[in-house]
Amino acid sequence: MTNRENYVCILQILNFEQISLEGGQDLLKIRIDNIANQLRKIKNEISDLEIHFFGNEIMFLLNSATTQFERFVELIMDYTKHSLLFGIPHKAIIFKETSISTSENNVNIHISKEYFSAHTQLNNFDLSSVLIHQELYEEKSQLLSKYCVIYDGKSVLKYAKRQIAQIALQGMKNSINNSFNKIGIDDFSSPHSKILNNTLKFVDIQNA
């Protein structure tokens, strides 16, 4: 077993368990194909990026020796915006880890303390955006500051690097609301309603 230092993004697809259990197999396949196509585009941009998709979670792994960290952040930002407007909303966290890794006899092991800590933070994150772990933000603040905004005391990726015109901002809110509604989340009656309402508020905050 070896120690490996990585940049990691854990992404949780919202309400995916429910729509998988309640929807038809054909619709599930369409959703999975849509996600897989987006993941392939990201993989094509960064060849040494590892992507794992299981259950309602996607994990991106990138060796910390990379020169592509900024591109990685941009791709996660683009994917988040695409999913909010046209696909399946999610929430995510980006952090740095030192993992215990091995691959022997068709058994792959990848474990880190940072993963479990980040997972706890993500579970308590009530926003469909990407949280940047504080230590990583401090390490990469010069780069990340142009992509992030402070929300509820946390560093969070914006949906777009540049400001969006007000008329387009309202259109974005309508599209986000429709995306959530399509997966059974409205603004008052589902377990994820708080995430939807916070996300709609964040559209304005991140554009200030």
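Because the structure is a prediction, the values reported are computed rather than measured.
Residue pairs meeting the salt bridge (charged side-chain N to carboxylate O under 4.0 Å, His left out) criterion with at least one partner in residues 112-134, sequence neighbours excluded, are Asp126-Lys194. Annotation: side-chain hydrogen bond (donor to acceptor under 3.5 Å, both in side chains) contacts involving residues 198-208, sequence neighbours excluded, comprise Lys173-Asp204. Annotation: salt bridge (charged side-chain N to carboxylate O under 4.0 Å, His left out) contacts involving residues 128-145, sequence neighbours excluded, comprise Lys96-Glu139.
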Run the numbers on Ile88 and Asn15 for side chain to side chain contact (heavy atoms under 4.5 Å, CB included), then give the verdict.
CA-CA 9 Å; Ile88 302 174; Asn15 229 30; over 6 Å; no

Assess the residue pair Phe125 and Ile195 against the criterion (side chain to side chain contact (heavy atoms under 4.5 Å, CB included)); give the C-alpha distance rounded to whole Å, side-chain angles, the decisive distance to 0.1 Å, and a yes or no.
CA-CA 8 Å; Phe125 186 52; Ile195 295 179; over 6 Å; no

Verdict with supporting geometry, Tyr151 and Leu131, side chain to side chain contact (heavy atoms under 4.5 Å, CB included)
CA-CA 9 Å; Tyr151 174 79; Leu131 176 64; over 6 Å; no

Report the C-alpha distance between Tyr147 and Glu70 in whole Å, list the side-chain angles of each, state the deciding distance to 0.1 Å, and finish with yes or no for side chain to side chain contact (heavy atoms under 4.5 Å, CB included).
CA-CA 10 Å; Tyr147 296 101; Glu70 183 168 9; 2.6 Å; yes

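The side chain to side chain contact (heavy atoms under 4.5 Å, CB included) search around Glu22 returns Gln18, not counting sequence neighbours. Considering only residues two or more places apart in sequence or on other chains, Ile32 meets the side chain to side chain contact (heavy atoms under 4.5 Å, CB included) condition with Phe16, Leu28, Phe53. Considering only residues two or more places apart in sequence or on other chains, Arg4 meets the side chain to side chain donor-acceptor pair (under 3.5 Å) condition with Asn6, Glu50.
No side-chain heavy atom of Ser179 sits under 4.5 Å from any side-chain heavy atom of Leu85. Looking only at side-chain heavy atoms (C-beta outward), Val149 and Lys158 come within less than 4.5 Å of each other. In this structure the side chain of Tyr79 reaches within 4.5 angstrom of the side chain of Ile58, judged on heavy atoms. Using a 4.5 Å heavy-atom threshold, the side chains of Asn124 and Thr120 count as touching. Proximity of His110 to Asn108: side-chain heavy atoms (C-beta onward) are nowhere separated by under 4.5 Å. The shortest distance between side-chain heavy atoms of Phe72 and Thr66 does not fall below 4.5 Å. Side-chain contact between Val156 and Phe202: present, with at least one pair of heavy atoms (C-beta onward) separated by less than 4.5 Å. Side chains of Asn37 and Arg40 form a contact here, defined as non-hydrogen atoms less than 4.5 Å apart.
With ring centers used as reference points, Tyr7 lies under 6.0 Å from Phe69.
How far CG of Asn178 is from CD1 of Ile183: 12.0 Å, rounded to the nearest 0.5 Å. Separation of atoms CD (Gln12) and OG (Ser128) is listed at 11.0 Å; rounding is to 0.5 Å. The line from NZ of Lys91 to CD1 of Ile13 is 13.0 Å long, rounded to the nearest 0.5 Å. A distance of 11.5 Å separates CZ in Arg71 from CG in Leu49, rounded to the nearest 0.5 Å. How far CG of Leu157 is from CD1 of Ile76: 8.5 Å, rounded to the nearest 0.5 Å. One distance of note links CD1 of Ile111 with CZ of Phe116; it measures 6.0 Å at 0.5 Å rounding.
Inspection of the Asn34 and Arg31 side chains reveals no N or O donor paired with an N or O acceptor under 3.5 Å. No side-chain N or O of Glu97 forms a donor-acceptor pair with one of His133 less than 3.5 Å apart.
Ile30 and Phe86 end up in different hydrophobic clusters when Ile, Leu, Val, Met, Phe, Trp and Tyr side chains are linked at under 4.5 Å. Transitive grouping of hydrophobic side chains (ILVMFWY, heavy atoms separated by less than 4.5 Å) keeps Ile185 and Leu27 in distinct clusters. The hydrophobic clustering, which links ILVMFWY residues whose side-chain heavy atoms are closer than 4.5 Å, places Leu143 and Ile94 together. Taken together through direct or relayed side-chain contacts under 4.5 Å among Ile, Leu, Val, Met, Phe, Trp and Tyr, Phe54 and Ile19 form parts of separate hydrophobic clusters.
Side-chain atoms of Asp152 never come within 3.5 Å of backbone atoms of Lys154 as a donor-acceptor pair (strictly under, hydrogens ignored).
Exactly one residue among Val130, Ile150, Leu144 makes a side-chain contact (heavy atoms from CB on, under 4.5 Å) with Ser155. That residue is Ile150.
Nearest heavy-atom pair across Lys43 and Ile51 is CB-CD1, 4.0 Å. Listed here is the closest heavy atom pair of Cys9 and Ala92: SG-CB, 4.0 Å.
Remark: Asp26 CG is loosely packed, at most 12 non-hydrogen atoms of other residues, nucleotides or ligands lying under 6.0 Å away. No more than 12 heavy-atom neighbours from other residues, nucleotides or ligands sit within 6.0 angstrom of CD1 on Ile167.
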